[in-house]
Novice: 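Here it is, the structure in full.
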Amino acid sequence: MTLLCRSRAAFHDRVTISEAKIGPGGWPYYCNGVMVGDGHRPARKPLRDAQDEAGVPPGFWTGRGLAALGLAAGDVVTERQAELLLGEGRHPDADRIERELLDAGRSPAKARRATVLGRPIEHNKSPRTENAKERSPWLAMDLTFRAPSTVQIAWALLDDRIRRVLELCQDIARDKTLAWMEESVAEIRWGSGGKHRRPVRDGLIVAVFRHYESRAEKPLLHDHAVVSIRARRPDGTGTWGNWSADSMLTHIVVADTLFTLHFMEEVSARLGWAWEPREVTPGRRPVLEIAGIDQRLIGWQSTRRQQIADALPVLIADYEEAHGHQPGERAAKALDRQAADRTRPPKRKVPRSLSELREGWRQSAIRAFGACTVYRMAEKARAAAVAVWARVRPVVDIPLAAVATAAVVYVMRGAFKRHHLLAEARRHLAHILRGRPHEPGLDEQIVQTAVDGYTRPAGRTMMTADLRALYPNDLEDQAVIRPLTRARSASRYEKARLAAGALTARVNAVRRSHRIGFRSLPHTVAVPAGPPPRSRRDRGEARTGGAIRTAGRDHQEQTTDIATVEEARRAIEAAAAKLRDGIRERAVARGPRPQPAPAASTQQSAVQPRPGPHTPTGGVT
C-alpha cells in the first residue's frame, strides 16, 4: 500500500510517502487532471463528459463529516461542489445559501462570509499577515492509496471477477484506514499557535477519485482521497476550523501500514492468496507481495522505478563531487525525488476505457512472457498459498513482538514516539500473519507492551529503548545493540534486523532455560488462524519490567520475565558443576589408568564457539 501526497514523491523500496497541500492556486490542476483520471480535460468540457471519455468513474463523497454539510456518503462529487469546498474553503452549496441571504436583504459581503467554513482564505492576503509571515493557506490534502506491484499485475491481467474483488478489497481497506484517521488522528486546533487541540466533532470530509494507470501507461489502480481541511470544533457551537495538518502528516506512515494490513487480510480472505516478502533493495525493508506471481512481471509493471534507478547514478555522482562523501539516508531520499521529477513523463492525452487498457496490458504481457505466465497466474498463486500456509504459522507472541518492535525502532531512530512503535508493530503483524486476520487492538497491545517494559523517557515527548530492561544485570550484553547504532557499513534497517534477531534469540534462550531447569511456560497465541470462537474475559496481567497488558481471546496469559535469565544461568552452571564433580569422584574411585603418550601433532586446545548470527549472545543454549 502507498499513501502518496502529490507534491513531492519519494520513490524508495515499496512506499511512496510525502506531504502536500492543496491551495487556491493548485485547485485548477485537480479539476482539469485528477478528477478526470490524470488525463487532459479540454477547456469548457463538462466534468462528467470528460470522466466518461477518460473511462474513469465519477468521484464520490465519504467521511463522517458530510452530515454537517447536508451531503451523504456515496454522493457524486460535482465540479462546483469540489471548487467551493476544496478550492475556496466554502460550503459546497454556497451558491444557494448566498442567493437566499441576498434575497433576505443581507449585503453581498455578509452573504458570502456566511458561506465560508472557518477563517476565509482572504485573511492570509492581508498586509498585516504578509508582513508578519509568508503563509499559503491549506484547503485540502491529497492522499493516494495504492496496492503492491503484484496486486496491480493480477488486477490488470486476470479476469473481471478477480478485478472486481481486488477493487473491493481496496475500497474496504481504504475506508477502514480513513475511519481510523478520523477516530485516532484528526484533531481540530484553534487559538494562538494552535494551542487548543481536540478531536474533530463529526469527522473528515473526503472526495475520492479512482484512477487506473500510471503516467507510463502501465496498470496502477489507485485512489485519490482529497481530504478537506475544514472540520467542526467540538465546542457545541458548530463553528468551523482547520484540523491539524502536522498531526495528520505525522501519522501518514502509520496509516500506510494499517492500509497494508487490512488490504492483505481482505485479499487472503476473498481469494485464498498468501503473501511473502520480496527484497527490492539490499539492506532495505522487504516488500510483501502475492506469493506465486512471476517476479518478471513486476519489472514489466514498474517501469517508473527503473527510469528513476537509471537517473540516480548521475545525481549521486554529482552529490559526491559536491560534498566529498556518499549521500546518507535523508540525502538519498532527496535524490530519489529529484530523479522522479526529472524522469516524469507527460500525461496521456488520448483517453482509453478500462477494457481497452486491460486488453492492451494483457497482450503486452503475453508478448513479453508468454500466454502460460498470464493465464495460469491465479492457479500458481493458489498453489503458492498452500505452500506458504504449510510452513508459516500465523501466530503472534506479544512479548516477542514487543521486543522486536522496540529493537527495530530504537536502532532506526534512537529516540522515538508512540506512533513510530505503532507503525513497526503493524509491519510486524503483516510479516507474521501473511494475510491471516488479526484481532482488533492487537497492534496497540504490542505497542503498550513495548512502552511499559522496554522503553524509558528521553525528554518531554520522546522515549528510547531501556537497555537494562532488555538485558537486566548484564552490562556486557548491552553492547549487542549499541555498536549497531554506530556502525556505518550496514543500512539502518539491516542493523535493526540484527538487533531484533539478537533480542529474540535472548528471549527464546530464557524460555528454553525455564523448560530445562524449571517449568515449561505456555506460549501465547494472540491471533486466531480462522474465525475466533466465543470470547472470554481476560484472566490476568503479565509483567515484563512493567505492566504488560496482553488481553487476548481464549488464550492464557504468559509471563516472560527476562530478568530470570540470571537465575536460569546460575541453575544450569550449578548443574554443570555437579556433573563435573560426579565425574571426578568416579574417576578417583576407579584409580589411575595407564595412558599412552599423546603425540605432539594430535594435541588440540579446546575452542570455544564464537557468537554468530544463530547463537544468542549472552543467552543460554
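When a residue number appears, it is its place in the shown sequence, counting from 1.
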Novice: For L69 and L85: C-alpha separation, side-chain torsions, deciding distance, then whether side-chain contact (heavy atoms from CB on, under 4.5 Å) applies.
Specialist: CA-CA 10 Å; L69 300 176; L85 178 60; 4.2 Å; yes

Novice: Let me confirm one number: the CG-OG1 distance from L117 to T239, rounded to the nearest 0.5 Å.
Specialist: 11.0 Å

Novice: Counting only N and O atoms by type, is there a donor-acceptor contact under 3.5 Å from the side chain of T464 to the main-chain atoms of G414?
Specialist: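 Yes; at least one donor-acceptor contact below 3.5 Å.
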
Novice: On a heavy-atom basis, which atom in E276 and which in G292 lie closest, and how many Å separate them?
Specialist: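 Residues E276 and G292, closest heavy atoms: OE2-N, 4.1 Å.
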
Novice: If the condition is salt bridge (Lys or Arg N to Asp or Glu O under 4.0 Å), which residues does R174 pass it with, not counting sequence neighbours?
Specialist: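 R174 satisfies salt bridge (Lys or Arg N to Asp or Glu O under 4.0 Å) with D171, D223 only.
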
Novice: Which pair of heavy atoms, one from A245 and one from M141, lies closest together, and at what distance?
Specialist: O-CE, 4.5 Å

Novice: When rounded to the nearest 0.5 angstrom, what distance separates OG in S184 from NE2 in H251?
Specialist: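 One gets 8.5 Å once the value is rounded to the nearest 0.5 Å.
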
Novice: Any donor-acceptor pair under 3.5 Å linking the side chain of D75 with the backbone of A72?
Specialist: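 Side chain of D75 to backbone of A72, a donor-acceptor pair under 3.5 Å: yes, one is there.
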
Novice: Roughly how far, to the nearest 0.5 Å, is CZ of R427 from OG1 of T260?
Specialist: 9.0 Å

Novice: Charged N to carboxylate O below 4.0 Å: is that the case for R434 and E265?
Specialist: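 So R434 does not pair with E265 through a salt bridge.
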
Novice: Any side-chain heavy-atom pair from E266 and L168 closer than 4.5 angstrom?
Specialist: no

Novice: Just verifying a value: how many Å separate K380 NZ and W273 CH2, rounded to the nearest 0.5 Å?
Specialist: 13.5 Å

Novice: Calculate, to the nearest 0.5 Å, the distance between atoms CD1 and CG belonging to I205 and L66 respectively.
Specialist: 6.0 Å

Novice: OG1 of T449 to OH of Y454: how many Å apart, nearest 0.5 Å?
Specialist: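 OH of Y454 is found 8.0 Å from OG1 of T449.
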
Novice: I'd like to know if E424 and R413 make a salt bridge, using a cut-off of under 4.0 Å between side-chain N and carboxylate O.
Specialist: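 A salt bridge is absent here (no side-chain N lies under 4.0 Å from a carboxylate O).
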
Novice: So which heavy atom on D443 is nearest to which on A425, and how close?
Specialist: O-CB, 4.0 Å

Novice: In terms of side-chain heavy atoms, does S244 have a donor or acceptor partner in R197 at a distance below 3.5 Å?
Specialist: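 Yes, side-chain donor-acceptor contact under 3.5 Å.
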
Novice: Does K417 offer a backbone N or O that forms a donor-acceptor pair with the side chain of H420 under 3.5 Å?
Specialist: yes

Novice: Taking Q295 for the side chain and I293 for the main chain, is one N or O donor matched with an acceptor at less than 3.5 Å?
Specialist: yes

Novice: Working note: L261 + T257, criterion side-chain contact (heavy atoms from CB on, under 4.5 Å); need CA distance, chi angles, decisive distance, verdict.
Specialist: CA-CA 6 Å; L261 197 58; T257 55; over 6 Å; no

Novice: Side chains of M463 and V451: does their closest heavy-atom pair fall under 4.5 Å?
Specialist: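 M463 vs V451: side chains touch.
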
Novice: Under 6.0 Å from the six-membered ring centre of W155 and within 45° of its axis: does the NZ or CZ of R146 meet both?
Specialist: no

Novice: Would you say that L433 contacts W275 through its side chain, given a criterion of any heavy-atom pair below 4.5 Å between the two side chains?
Specialist: no

Novice: List the steps, then state whether side-chain contact (heavy atoms from CB on, under 4.5 Å) holds for R391 with V388.
Specialist: CA-CA 6 Å; R391 72 174 188 271; V388 170; 4.0 Å; yes

Novice: Decide yes or no for V396 and I432: does some side-chain heavy atom of the first lie under 4.5 Å from some side-chain heavy atom of the second?
Specialist: yes

Novice: So which heavy atom on I188 is nearest to which on P234, and how close?
Specialist: CG2-CD, 3.4 Å

Novice: Do any N or O atoms from the side chain of Q152 and from the backbone of L221 form a donor-acceptor pair under 3.5 angstrom?
Specialist: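 Yes, Q152 side chain to L221 backbone: donor-acceptor pair under 3.5 Å.
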
Novice: Counting distance only, does the side-chain N/O of E289 pair as donor-acceptor with the main-chain N or O of R278 below 3.5 Å?
Specialist: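 It does not hold such a pair.
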
Novice: Test your reading of the model: is there a side-chain donor-acceptor pair from R426 to the backbone of V254, 3.5 Å cut-off?
Specialist: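 Checking the backbone N and O of V254 against the side chain of R426, a donor-acceptor pair under 3.5 Å is found.
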
Novice: Measure the shortest side-chain to side-chain distance between I172 and R270 over non-hydrogen atoms and say whether it is less than 4.5 angstrom.
Specialist: yes

Novice: Less than 4.5 Å apart, side chain to side chain, heavy atoms only: is that true for I290 and L271?
Specialist: no

Novice: For R418, give me all partners under salt bridge (Lys or Arg N to Asp or Glu O under 4.0 Å), at least two apart in sequence or on another chain.
Specialist: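 Once residues adjacent in sequence are excluded, the partners of R418 under the salt bridge (Lys or Arg N to Asp or Glu O under 4.0 Å) criterion are E444.
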
Novice: Examine Y410 together with F416 and report whether their ring centres are nearer than 6.0 Å.
Specialist: no

Novice: Below 4.5 Å, heavy atoms only, C-beta onward: do Q445 and L442 meet side chain to side chain?
Specialist: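 Yes. Closest side-chain heavy atoms under 4.5 Å.
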
Novice: Is it true that the NZ or CZ of R436 lies under 6.0 Å from the centre of W389's six-membered ring and within 45 degrees of the ring axis?
Specialist: yes

Novice: Looking only at heavy atoms, which two atoms of A173 and F263 are closest? And how far apart?
Specialist: CB-N, 3.7 Å

Novice: Side-chain donor-acceptor pair under 3.5 Å between H222 and T144, yes or no?
Specialist: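 No donor-acceptor contact under 3.5 Å links the two side chains.
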
Novice: Donor-acceptor pair, S247 side chain versus V185 backbone, under 3.5 Å?
Specialist: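 Side chain of S247 to backbone of V185, a donor-acceptor pair under 3.5 Å: yes, one is there.
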
Novice: Is any side-chain heavy atom of I229 closer than 4.5 Å to one of W243?
Specialist: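 Yes, at least one pair of side-chain atoms sits under 4.5 Å.
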
Novice: Hey, mind stepping through M377 and I153 against side-chain contact (heavy atoms from CB on, under 4.5 Å) and telling me if it holds?
Specialist: CA-CA 10 Å; M377 188 186 306; I153 294 167; 3.8 Å; yes

Novice: Between H431 and P286, which heavy-atom pair has the shortest distance, and what is it?
Specialist: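 Scanning both residues, the minimum pair turns out to be CE1-CG, 3.6 Å.
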
